Amino acid sequence: MTARSSEGPSDFVLGRASVGSREGGRLRVSLGAMLRDRVRRQIVFALERLVSAGSIPGSGLPRVVVEAPKQADHGDLATNWAMVAAKHVASAKGGASNPRGLAELVAGELRSDPSFERVDVAGPGFINLALSPGFLLDDLKEAASSAGLEVIEDAGHFARPTVETRPLSINVEFVSVNPNGPITIGSGRGAAYGSALCNVLTAAGHRVHREYYINDGVNSEQMRLFAESVRAIVEGRPLPENGYRGDYVSAVAEALRGGPALATTSEYQSASERLMIESQRSDLEAFGVVFDTWFSEQSLHDAGVVEQCLRDLEAKGVADDRPVRTKLNLGKGGKVDSIVREAQTGAVTDEGDAEPAAQSVSGHPPLWLRSTLFGDDMDRVLRRSDGRLTYIASDVAYHRDKFNRPPNADRLITVLGPDHHGYIGRLHAVVAANLIEKPSQSQGELSDWETELYGSASWRDACALARKASDERLEVQIFQLVRFIKDGKPAPMRKRDGNIFALIDLVNEIGRTVCPNGSQAQQNQAGRDVARFFYLMRSHDTTFDFDLDLAERQSDENPVFYVQYAHARICGVLRKAEEAVGAEAVEPAVAELHPKERVLALKVLDLPYEVQRTAEDYSVNRLATYSIDLARSFHAFYDACRVIEPGDKPTTARRLMLCRAAQASLKAALDLLGVSSPERMERASDD
RNA sequence: GCCCCGGUAGCUCAGUGGAUAGAGCAGCGGCCUUCUAAGCCGUUUGUCGGAGGUUCGAGUCCUCUCCGGGGCGCCA
């Protein structure tokens, strides 16, 4: 998050803050949503008083940013405002002003505010704040009476004061593999990431649509080969070259053998696809991933919209069948050095050998998407010379559909695996080609390569504008490779039959190991919890090692259990309190907090902030880190502070409130990750 | 060649332009008559790959560079 310098007082002063507003009769303050905003508001009030008194100028002041200091003895929260503001104040007054002096001025004002227990100026000009217990308890009360995720859904409204966000309609497409095999442990990362991302975006107030794009185009090479493999097995013939093999292929063949007779490969294709899609759906569900829409690529062809889209692109001048392909020679930083036009003399077979045009199946030249107009490094084929349409031809229609179909997505997020990295430029070109408008008048010099590629400044600018629009509306998130570690060494990703391990097998294996005496359902839950947490622990943007040895350990070192155990412990305390104290209403003691209580309270109240940031940068792993931190804070508190003290009911009431708040935050964080929050965890008393 | 990701403690990794860079694991030493010890507390560990730059301040931003992983099809 960047601190924006402001134009005037209206910005540095409250901005659009609306803390504690009511909307629809529902109190929006929850989970301390933005404890930081409440603090920020108090600081802004102090600054306003200083402005009124003429101590500081009333304009040109920077925005107040509240941050958490790394060192605990630097207080609960801090602001660097004085350091940033010093130069503005100095120039406004035409004299020197040092950050520390300015900080002292503001600190003096803040000391009269009962929200703060202590206000210190430190280092080069930080203002360190220790919050008063009453201030913290107000927020904890809200959090304690909340019910986890339900409340977090309001977090987006709180986000507004700090960052301007408006609720968007977001379509998130993830997993989207061919229906030619089970969901693999590789796709598992995308499944975990995509589903958790959707949870977070929802929590931040957006309307989210979860979508799976079924790559079932009848022209797909892989799908045809898959169908031919299944057919070969059913008909007892040898597999085609590079055909599909493995248990699941036989299983599909077996299932089809029992059904109505199939005559053609395309009948085999649609029948086996249906079976695979059903199996993928059930595997994903076992992994806690559910989609709103399963969108069939083939349905676009069937409806004729792909052909229509191609005609539209030709009319717009971004697709044509001239026998030439443009490539961009890119220099450092993606700058275009020069362009190359390659004459396309004929069709290229699957083996990559060029054939004379006369021998190509149809004799037609291919239809090109001129994606280089939008910065892609080479033009892409939409219709092959044999007349068949490519995958990106469907993508043109698919993206148009995603934008135009209700609820009319404001933004598309597409989650892709590392092998699709090269696809980003193409996708943006596809969207830009859809969005391009007629060029208007424009001026400016054209470079050599621009002259060759665009011919005119107005066309160049129209293409650049379309690409910009595409960048704003489509966000491609690439997740990186996962490496599985077993016995301390990288484990093979493939089984003996050559297929990548299935996600469902990973879930089952972990479940069985971790929960040997559990029921099928318990094992599935445990396997899912561990697998999801591990997938989400690390940034999706980094290759990471999935440590199977650690994942399958049913104990202390396993971070999943560490976090879940904290939740179970809280539930245990609350159950005990029910018996010991009952429903007796006692006002929580507003008194000196134990240091561990304070740390826990601050961590609990940090959740909405974490959710907000995660919804901004899509770094879902942050919530896994947060849940571990929160669990740690709780365990430390639990060990240091007795909660149920029959002789001290006010303190008991306060600590129970803290427990309930911690429970709400912890459960919410786990819910967002798609991991369960057990109310009890019994240690398996064995060996 | 170009693009993407990474390089932080012995290992796996967090880290929001801020103060003395943090966890977990591994190692060592303590703590259950007490709300669940799947827990807690203490202790050891750093040329943040390297070089410049931007500024009050850089692990974080920019440029260059070295090393590792991945990607560059009329496949998806």
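Letters go in sequence order (proteins before strands), and every chain restarts at 1. Quick caveat: nothing in here was measured; it's all calculated off a predicted structure.
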Provide the distance between the two P atoms, one in B:A58 and one in B:A37, to the nearest whole Å. 46 Å

Counting the atoms with a prime plus P, OP1 and OP2 as sugar-phosphate, which does A:Ala568 contact under 4.0 Å by heavy atoms, base, sugar-phosphate, or nothing? base

If you check every side-chain atom of A:Met378, which of B:U36, B:U34, B:G73 has the closest atom? B:G73

A:Leu129/A:Arg118 under side-chain contact (heavy atoms from CB on, under 4.5 Å): CA gap, chis, key distance, verdict: CA-CA 6 Å; A:Leu129 306 164; A:Arg118 217 181 63 231; over 6 Å; no

Flag the pair A:Arg380 and A:Asp376 as a salt bridge only when some basic side-chain nitrogen lies within less than 4.0 angstrom of an acidic carboxylate oxygen. yes

Going by distance alone, is a donor N or O of one side chain under 3.5 Å from an acceptor N or O of the other, for A:His428 and A:Asp471? yes

Just how far, in rounded Å, is C1' of B:G24 from CG of A:Asn621? 15 Å

Would you check if there is a donor-acceptor pair between the side chains of A:Tyr391 and A:Glu297 at a distance under 3.5 Å? no

Paired with B:C72: which nucleotide, if any, by Watson-Crick or G-U wobble criteria at under 3.5 Å for both distances? B:G1

Let me know which of A:Arg426, A:Arg325, A:Arg370 forms a salt bridge (Lys or Arg N to Asp or Glu O under 4.0 Å) with A:Asp379. A:Arg370

Mind checking if A:Lys596 touches a base, just sugar-phosphate, or nothing, with heavy atoms under 4.0 Å? sugar-phosphate

Close N/O contacts between protein and nucleotides 1-9 of chain B (under 3.5 Å):
unit_1 : atom_1 : unit_2   : atom_2 : d
B:C2   : OP1    : A:Lys332 : NZ     : 3.4
B:C2   : O3'    : A:Gly331 : O      : 3.4
B:C3   : OP1    : A:Gly331 : O      : 3.4
B:C3   : OP1    : A:Gly333 : N      : 2.8
B:C3   : OP1    : A:Gly334 : N      : 3.3
B:C3   : O2'    : A:His421 : NE2    : 3.2
B:C4   : O4'    : A:His421 : NE2    : 2.8
B:C5   : O3'    : A:Asp541 : O      : 3.3
B:C5   : O2'    : A:Asp541 : O      : 2.7

Considering only NZ, NE, NH1 and NH2 on the basic side and carboxylate oxygens on the acidic side, decide whether A:Asp337 and A:Lys335 come within less than 4.0 Å. no

A:Asp487 and A:Lys489 ion-paired at < 4.0 Å: no

Looking for any heavy atom pair under 4.0 Å, which part of the strands does A:Ala640 touch: base, sugar-phosphate only, or nothing? nothing

Paired to B:C40 by Watson-Crick or G-U wobble criteria (both distances under 3.5 Å) is B:G30

Give one of base, sugar-phosphate or nothing for A:Ala122, where a contact means two heavy atoms less than 4.0 Å apart. base

Nearest-Å distance for atom pair CG/P, residues A:Leu300 and B:A76: 14 Å

What contact category does A:His635 fall into here, base, sugar-phosphate, or nothing, at under 4.0 angstrom with non-hydrogen atoms? sugar-phosphate

Nearest-angstrom distance from the residue atom OH of A:Tyr391 to P of B:G73: 17 Å

Relative to A:Tyr609, does A:Arg36 satisfy both conditions: NZ or CZ under 6.0 angstrom from the six-membered ring centre, and within 45 degrees of the ring's axis? yes

Under 3.5 Å, is there a donor on one side chain and an acceptor on the other for A:Thr652 and A:Glu645? no

Gap in Å between the two C1' atoms, one belonging to B:G46 and one to B:C31, rounded: 30 Å

Examine B:C74: is either OP1 or OP2 under 4.0 Å from a nitrogen or oxygen in the side chain of A:Arg325? Give yes or no. yes

Whole angstrom value for the distance that separates C1' of B:A76 from CG of A:Asp216: 13 Å

Within this structure, what is the CD1-to-C1' distance between A:Ile485 and B:C13, rounded to whole angstrom? 13 Å

Using the side-chain heavy atoms of A:Tyr638, tell me which of these nucleotides is nearest: B:A37, B:G70, B:A76. B:A37

CZ-SG distance between A:Arg655 and A:Cys641, expressed to the nearest 0.5 angstrom: 4.0 Å

According to the Watson-Crick and G-U wobble definitions, with both distances under 3.5 Å, which nucleotide is paired to B:G17? none

Between A:Met537 and A:Gly572, just flag the one whose closest nucleotide in RNA chain B comes earlier from the 5' side. A:Met537

Measure distances between side-chain N and O atoms of A:Asn180 and base N and O atoms of B:A76, and say whether any donor-acceptor pair falls under 3.5 Å. no

Given B:G15, is OP1 or OP2 found less than 4.0 Å from the side-chain N or O atoms of A:Arg622? no

Would you mind classifying the nucleic acid contact of A:Cys641 as base, sugar-phosphate or nothing, using non-hydrogen atoms under 4.0 angstrom? base

Taking B:C2 as the reference, what is the distance to B:A26 when you measure between their C1' atoms (whole Å, please)? 42 Å

Describe the nucleic acid contact of A:Tyr565 in one word from base, sugar-phosphate, nothing, applying a heavy-atom distance below 4.0 Å. base

With a 4.0 Å cutoff (strictly under), does any side-chain N or O of A:Arg569 reach OP1 or OP2 of B:U36? no

Whole-angstrom distance between B:G69 and B:U12, as gauged at atom P: 15 Å

Between protein and nucleotides 44-58 of chain B, map the contacts as a letter string: B base, S sugar-phosphate only, - none, heavy atoms under 4.0 Å, written 5' to 3'. ------------S--

Should the ring pair A:Phe226 and A:Tyr244 be called parallel, tilted or perpendicular, given that the plane angle runs from 0 to 90° and is split at 30 and 60? perpendicular

Using atom CZ of A:Arg538 as one end and atom C1' of B:C25 as the other, report the distance to the nearest whole Å. 11 Å

Can a salt bridge be assigned to the pair A:Lys486 and A:Asp547 using a cut-off of 4.0 Å between side-chain N and carboxylate O? no

B:G59 and B:U65, which share atom name P, separated by this distance in whole Å: 22 Å

note: A:Gln564, atom CD; B:G39, atom P; distance rounded to Å ~ 13 Å

Using the P atom on both, measure B:C67 against B:G30 and round to a whole Å. 48 Å

Select base, sugar-phosphate, or nothing to describe what A:Arg680 touches, counting heavy atoms under 4.0 Å on all strands. base

Is B:C32 syn or is it anti, if syn means the base angle is within 90 degrees of 0? syn

Can you tell me how far the CD atom of A:Glu228 sits from the CG atom of A:Asn242, to the nearest 0.5 Å? 12.0 Å

Suppose you measure atom P in B:G7 against the same atom in B:C13; what distance do you get, rounded to whole Å? 10 Å

B:A19 base stacked by A:Phe126 (centroids within less than 5.5 Å, tilt under 30°): yes

Hey, does A:Phe544 reach any base, or is it just sugar-phosphate, or nothing, if we go heavy atoms under 4.0 Å? sugar-phosphate

C1'-based separation of B:U54 from B:C61 [nearest Å]: 8 Å

Under 4.0 angstrom, heavy atoms only, what part of the nucleic acid is A:Asp549 near: base, sugar-phosphate, or nothing? nothing

Side-chain atoms of A:Asp545 come closest, of B:U16, B:U12, B:G39, to B:U12

Could you tell me whether the phosphate oxygens of B:G22, OP1 or OP2, come under 4.0 Å of any side-chain nitrogen or oxygen in A:Gln71? yes

With a 3.5 angstrom cut-off on both distances, give the Watson-Crick or G-U wobble partner of B:C25, or none if there isn't one. B:G10

Send over the distance from A:Asp487 CG to B:C11 P, rounded to a whole Å. 20 Å

Does the distance from a Lys or Arg side-chain N to an Asp or Glu carboxylate O, for A:Asp320 and A:Arg322, drop under 4.0 Å? yes

